[in-house]
Amino acid sequence: MLKILNQSNSVANHFLYEMRHLEIQKDRAKFRNNLRRLGAVMAYEISRTLSYKKETVTTPLGTMEVDLLAEQPILVSILRAALPFSDGFLETFDQADVGFVGAYRKEEGEEIGVNFEYMATPSLDNKVVIIVDPMLATGKSIIESINHLLNNGKPSHIHIAAAVAAPEGIDYISRMLKVEHTIWTGALDEKLNSKSYIVPGLGDAGDLCFGPKL
Ligand code: URA
């Protein structure tokens with residue numbers, strides 16, 4: 001299943017506009033803050049699809065039944081651009097456990113490959129897992145990450161959360177991922193360029209958050 005936030009208008013459009021804007025995006029603090037805010041609203045949308053259980057709350061004046069999350073999802077951040085995005089998720093799911101994956105793109109001649117270096121997560125068995133990675137370009141780092149994550153347990157459902165996605169990445173994930181999953185994105189853009197960057201996209205999200213790396 002694919003859910004695209006900007007198919008219905010909301011303030012998320014403003015966050016994405018500023019993140020894409022050639023001048024505004026140069027303000028790193030603003031870029032990170034918009035990514036965080038987008039994470040918080042996307043997490044809210046995901047929360048509407050989760051399971052809830054009845055609980056009784058006692059107020060100073062009486063008691064009532066309310067519906068609360070049956071359990072917290074587990075957030076998994078793919079370093080490094082996911083850090084501000086997952087901060088937003090953590091604002092919404094403020095009691096969630098968080099795992100980390102170090103996976104980044106490497107150019108192999110004409111091809112874009114993935115370097116996988118690090119993983120630290122709790123058990124994922126029977127859990128709802130939200131994998132947070134702002135730029136869903138080729139989809140290869142997500143698939144490589146999930147293949148490793150499955151060594152830490154089989155989730156009941158995987159949500160893949162992106163700020164911007166390319167159709168090529170969505171197709172790749174749909175073909176390769178056999179586990180029950182939903183892909184969420186702020187916007188679905190036109191295509192990848194020859195360097196596998198999303199067009200029109202916003203550029204390199206990691207660099208925009210934290211500066212260029214060697
Ligand atoms: N990663 C990014 O940061 N930007 C893209 O367009 C694709 C991958």
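This chain uses plain numbering: 1 for the first residue, then up along the sequence. Counting starts at 1 for both ligands and their atoms, in listed order.
Ring-plane geometry between His21 and Tyr17 is classed as perpendicular, the angle between the planes exceeding 60 degrees on a 0 to 90 degree scale with a lower cut at 30.
Salt-bridge annotation for Lys54 and Asp67: present, with a side-chain N of the basic residue lying under 4.0 Å from a carboxylate O of the acidic one. Between Asp207 and Arg28 there is no salt bridge, since no side-chain nitrogen of the basic residue lies less than 4.0 Å from a carboxylate oxygen of the acidic one. Under 4.0 Å is where a charged nitrogen must lie from a carboxylate oxygen, and between Arg105 and Glu107 no such pair does.
Given atom 5 (C) of ligand 1, the protein heavy atom at minimum distance is Tyr197 CD2, 3.3 Å. Protein heavy atom closest to atom 1 (N) of ligand 1, with residue, atom name and distance, is Met135 CB, 3.6 Å. Ile198 N, 2.8 Å is the protein heavy atom nearest to atom 6 (O) of ligand 1.
The neighbour count for Tyr52 OH, taken as heavy atoms of other residues, nucleotides or ligands under 6.0 Å away, is above 12.
With atom 4 (N) of ligand 1 as the reference point, the heavy atom nearest to it among Ala137, Gly201, Ala205, Gly203 is part of Gly203. Closest heavy-atom approach to atom 7 (C) of ligand 1 within the set Arg105, Lys195, Arg80: this belongs to Arg105.
Within the listing of ligand 1, atoms 7 (C) sit less than 4.0 angstrom from a heavy atom of Ser196.
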